[in-house]
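Some notes on the structure that comes next.
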Amino acid sequence: MVKGDTEATVAASVTAARKRINDENVRAFIGPTNLTFTDVKDLIVENNVPVVTPTAGTTELDSVGGNHIFRTVSNDS
């Protein structure tokens with residue numbers, strides 16, 4: 001298991017996800033939170049990395065991600 005700190009910012013989230021995908025060859029993600037998820041979802045989908053997010057309830061997840069993005073909470077609308 002490899003950890004990454006999103007620092008609750010868009011820039012740090014994208015940097016952390018990119019590093020895990022490119023440098024550490026991760027096979028899946030757990031997280032990130034709703035605050036930063038929208039900003040890393042494209043990177044995750046483009047690289048075919050599955051993700052389970054235990055906190056993201058954004059309604060955007062209703063129509064994106066295909067077979068790569070899973071959430072454990074209902075939407076927040």
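In this structure, the side chains of Asp39 and Ser13 stay at 4.5 Å or more apart for every pair of heavy atoms.
Note that NZ of Lys3 and CD of Glu24 are 13.0 Å apart. Values are rounded to the nearest 0.5 Å. Going from atom CZ of Arg20 over to atom CG of Asp23 covers 8.5 Å, rounded to the nearest 0.5 Å. Taken from CG in Leu43 to CZ in Phe29, the straight-line distance is 7.0 Å, to the nearest 0.5 Å. Between atom CD1 of residue Ile44 and atom CG of residue Asn48 there is a gap of 11.5 Å, rounded to the nearest 0.5 Å.
When all heavy atoms are compared, the tightest approach of Ala28 to Val49 is CA-CG1, 3.8 Å.
Each of Thr15, Ile21, Val14 was compared with Arg18 under the side-chain contact (heavy atoms from CB on, under 4.5 Å) criterion, and only Val14 meets it.
Applying the side-chain contact (heavy atoms from CB on, under 4.5 Å) test to Ala12 and every residue at least two apart in sequence or in another chain returns Glu7, Thr9.
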Take Val51 and Ile30, measure what side chain to side chain contact (heavy atoms under 4.5 Å, CB included) needs, and give me the verdict at the end. CA-CA 6 Å; Val51 61; Ile30 299 174; over 6 Å; no

